[in-house]
Amino acid sequence: MLLDKLNNKKSYLCSLMEKRVRVRFAPSPTGGLHMGGVRTALFNYLFAKKHGGDFILRIEDTDQTRFVKGAEEYIIEALKWCGIEPNEGVGFGDGPHKPYRQSERKELGIYKKYADKLIASGHAYYAFDTEEELNDMRKRLEAAKVVAPQYNAVTRQNMRNSTTLGEDEVKKLLADGTKYVVRLKVPRNEEIRFNDIIRGWVTVNSAQVDDKVLLKSDGMPTYHLAHIVDDIEMEISHAVRGEEWLPSAPAHILIYRYLGLEEQMPKLAHLPLILNPDGNGKISKREARFPVFPLSWQDPRETAPYIGYKESGYYPEAFVNILALLGWNPGNNEEIFSVAELAELFSFERVHKSGAKFDPEKAKWFNQQYLRKQSDADLAKAFKPLLKEKGYEKDEAFMIDFCKLVKEKVQFVHEFWDHGKYIFEAPTSYDEKVITKKWNAQSKEVFTKVLETFKSVSDWKMQPIHDAFEALVKETGKIDMQLLRVLITGVAGGPQLFDMIALIEKEEVLKRLEAALSKL
RNA sequence: GGCCCGUUCGUCUAGGGGUUAGGACACGUCCCUUUCACGGAUGAAACACGGGUUCGAUUCCCGUACGGGCUACCA
């Protein structure tokens with residue numbers, strides 16, 4: 001009991017002394033940022049906001065062979081559109097730890113310093129093996145039925161590196177400018193344990209970890225070295241990244257340890273992946289029948305662009321809301337949250353361990369919820385240019401009435417056209433099903449009367465039109481409204497009938513009715 | 001193959017040793033409605049399987065199955 005109290009007090013004090021929350025999103029500019037990446041950025045952002053910390057954008061461009069022009073700019077624009085802006089880093093005003101691009105940091109010799117330290121302490125070594133030699137090694141191991149060939153404590157003994165070569169030979173090779181990489185010297189058999197905020201304790205034996213390359217032969221650090229050096233130097237408190245990094249986390253623990261930085265190591269949080277809705281695996285941009293990028297992305301190596309969420313008509317708030325609820329939820333039945341509300345509610349304790357399949361249908365529903373929050377005037381303003389593209393221009397009052405009428409049927413602004421085009425365009429054909437079912441010998445006479453009645457309406461507004469129609473119904477008996485709808489619009493569905501008729505000009509309605517009567 | 005991580009309705013999920021296992025999307029039915037919707041109500045729909053532990057397990061443990069990730073001088 002007393003011990004519990006002491007422990008509580010201790011952990012309370014510890015939490016007070018905990019370092020400032022500083023998290024980073026660290027994509028590599030190898031293509032457009034896809035929705036999985038956005039969600040990783042989002043969770044980082046929410047966590048930073050929740051704790052009044054910093055959110056940093058770091059560009060991890062250490063692989064020069066995969067660098068894609070425009071990718072970095074795309075990442076910055078995408079984050080801006082989503083409203084999850086870093087307060088430090090590339091594109092968002094450099095901060096005290098600049099530069100934030102790893103290629104630039106490499107020029108400053110930042111990474112080499114750490115690699116040298118590891119070599120000096122015997123935890124890393126030079127490896128001179130050529131690509132062919134590495135391939136031969138793997139082939140040899142495969143032939144010997146080794147299931148997972150890797151450069152490790154055993155195989156390194158048969159390779160050309162500073163653990164097998166004499167000191168003089170190594171010196172000579174280095175002096176000659178021989179190409180080399182620096183590898184981490186992973187122990188042969190050692191339990192590595194770490195505590196992941198989301199997954200709890202994870203244990204891996206070092207035998208499963210290969211001697212990771214730290215410094216490539218072009219002098220660039222690999223991700224493994226670079227992100228650790230930068231996380232330390234940028235005082236990152238929590239490393240929040242995708243689940244795909246979980247298997248290499250033990251190697252990272254080792255690097256921190258050998259650098260004597262285990263105490264300053266950021267806490268780890270590995271996020272579950274976003275999976276394909278149908279089939280298996282993580283979302284692939286090629287096969288997806290829904291957008292995978294926040295903004296349209298034109299890959300310079302491909303011809304056709306990938307259409308983004310923005311261009312598909314999604315509100316950024318809806319897009320972010322969807323992403324937030326993939327792998328996390330606040331624990332109640334609510335689903336619609338602003339970014340500010342999400343930041344208030346967010347915690348890693350409520351992040352799932354398992355991957356979530358993305359449901360494009362539900363995504364549309366989310367957008368609909370946000371669309372309904374818009375005012376009719378805002379919707380009118382948003383739809384006006386789309387209508388103009390179709391060749392129609394209307395005044396603001398009309399647009400507002402139109403949006404008010406069609407609003408309940410749409411999930412996206414562009415759907416105002418799909419669901420409301422009948423108002424602008426006369427039918428070219430009439431719904432077969434409705435006609436065969438409902439058009440009969442008396443119809444022509446009845447609708448001729450409707451035509452006459454409409455002609456007599458002088459104040460062309462919904463109520464007078466409706467009143468006149470009702471008066472006619474009293475006189476003639478029931479008149480099928482769906483049939484009337486089809487005669488005017490050609491289709492069985494659509495917005496409220498009399499509101500719609502009022503929105504179409506009187507002359508046009510009469511013209512359409514006359515045309516229908518002559519054709520049927 | 002090996003290693004790691006996971007598994008509640010079709011999907012996203014709540015819950016958690018004793019519950020009629022809750023909500024949302026999608027789907028069905030009904031109500032409202034002379035049209036079309038919205039809305040409301042309602043229905044069908046889940047604890048992967050097998051062993052433990054326990055008075056009792058969907059919940060804890062162990063296996064199996066299944067899914068995912070990783071297995072590069074890519075991140």
Side-chain angles (χ1 to χ4, degrees), chain A residues 26-31 60-63 65-66 102 127 129-131 134 138 145-151 179-183 196 198-200 202-205 207-210 212-224 226-227 241-250 270 272-273 275 277-278 280-282 322 325-336 350 352-366 368 372 405-410 419 434 469-470 473 478-486 488-489 491-500:
Chain A
S28 59
T30 53
E60 308 217 325
D61 55 347
T62 54
D63 187 350
T65 64
R66 292 207 310 157
Q102 288 184 330
D129 316 280
T130 63
E131 203 179 328
L134 288 170
R138 290 191 189 105
K145 298 240 160 53
V146 174
V147 285
Q150 55 179 21
Y151 207 115
K179 289 265 180 198
Y180 69 89
V181 300
V182 174
R183 284 181 182 271
D196 185 281
I198 294 168
R199 280 145 213 285
V202 177
T203 309
V204 181
N205 190 288
Q208 304 302 328
V209 182
D210 66 337
K212 295 232 177 301
V213 170
L214 266 20
L215 232 43
K216 302 186 238 185
S217 56
D218 63 0
M220 276 284 188
T222 59
Y223 169 83
H224 305 293
H227 93 274
R241 71 229 304 193
E243 192 183 5
E244 69 269 23
W245 292 109
L246 203 48
S248 52
H270 289 95
L273 266 18
L275 273 18
D278 42 49
N280 305 313
K282 51 183 177 182
I322 295 159
L325 261 51
L326 243 30
W328 173 88
N329 78 84
N332 58 32
N333 284 336
E334 287 173 56
E335 294 190 289
I336 304 299
R350 296 205 64 89
H352 291 170
K353 295 183 175 78
S354 52
K357 283 186 185 170
F358 174 66
D359 182 358
E361 287 308 311
K362 186 140 189 183
K364 292 178 189 168
W365 175 82
F366 270 104
Q368 185 176 33
R372 286 185 183 173
L405 178 60
V406 185
K407 184 179 184 177
E408 65 190 19
K409 309 182 80 79
V410 306
H419 292 278
V434 177
F469 182 77
E470 286 301 318
V473 168
K478 190 179 159 182
I479 299 169
D480 193 290
M481 278 177 69
Q482 196 179 31
L483 202 43
L484 175 58
R485 172 186 287 281
V486 170
I488 292 172
T489 69
V491 297
Q496 284 280 356
L497 186 51
F498 285 101
D499 288 293
M500 185 169 61

Does [X] reach a base, just sugar-phosphate, or nothing at all? Heavy atoms under 4.0 Å.
X	answer
A:T203	sugar-phosphate
A:S217	base
A:D196	nothing

Is a donor on one side and an acceptor on the other found under 3.5 Å between the side chain of A:R485 and the backbone of A:D480? no
When you compare the protein's N or O atoms with those of nucleotides 41-48 of chain B, which come within less than 3.5 Å of each other, and at what distance?
none

OP1 or OP2 of [N] versus the side-chain N and O atoms of [X]: is any pair under 4.0 Å?
X	N	result
A:K216	B:C74	yes
A:N329	B:A14	yes
A:R66	B:A75	no

Could you tell me how far [M] sits from [N] if I compare only their [atom1] atoms? Round to whole Å.
N	M	atom1	answer
B:A44	B:C32	P	23 Å
B:G15	B:G22	P	14 Å
B:C31	B:A48	C1'	39 Å
B:U58	B:G18	C1'	12 Å

Under the ring-ring contact (aromatic ring centres under 6.0 Å, His included) test, which residues partner [X], sequence neighbours left out?
X	answer
A:H270	none
A:H419	none
A:Y151	none

Pairing residues for [X] by the side chain to side chain contact (heavy atoms under 4.5 Å, CB included) criterion, not counting sequence neighbours:
X	value
A:Q150	A:N152, A:D210
A:K362	A:E335, A:D359, A:W365, A:F366
A:L273	A:E243, A:E244, A:L275
A:E334	A:N332, A:F337

Can you pull every protein N or O that's under 3.5 Å from an N or O on nucleotides 69-71 of chain B?
residue	atom	partner	partner atom	Å
B:G69	OP1	A:K282	N	3.4
B:C70	OP1	A:K282	NZ	3.3

Mind checking side chain to side chain donor-acceptor pair (under 3.5 Å) for A:N205 and listing every partner two or more places apart, or none if nothing turns up? A:N189, A:E191
Are any non-hydrogen side-chain atoms of [X] and [Y] less than 4.5 angstrom apart?
X	Y	result
A:V434	A:L483	yes
A:S248	A:H224	yes
A:F498	A:M481	yes

Any protein N or O atoms within reach of nucleotides 8-12 of chain B? Criterion: under 3.5 Å, listing atom names and distances.
residue	atom	partner	partner atom	Å
B:C12	OP1	A:K357	N	2.9
B:C12	O2'	A:L325	O	3.3

Check the interface with nucleotides 32-40 of chain B: list each N/O to N/O pair with the protein under 3.5 Å, or write none.
residue	atom	partner	partner atom	Å
B:U34	O2	A:I479	O	2.7
B:U34	N3	A:I479	O	3.0
B:U35	O2'	A:R485	NE	2.9
B:U35	O2	A:R485	NE	3.2
B:U35	O2	A:R485	NH2	2.1
B:U35	O4	A:Q496	OE1	2.7
B:C36	O4'	A:R485	NH2	3.4
B:C36	O2'	A:K409	NZ	2.6
B:C36	O2'	A:G494	N	3.1
B:C36	O2'	A:G494	O	2.8
B:C36	O2	A:G494	O	3.3
B:A37	O4'	A:K409	NZ	3.3
B:A37	N3	A:E408	OE2	3.0
B:G39	OP1	A:R372	NH1	3.2

Between B:C73 atom C1' and A:R183 atom CZ, what is the distance in whole Å? 7 Å
Ranking A:V204 and A:T222 by the position along RNA chain B of their nearest nucleotide, the one closer to 5' is A:V204
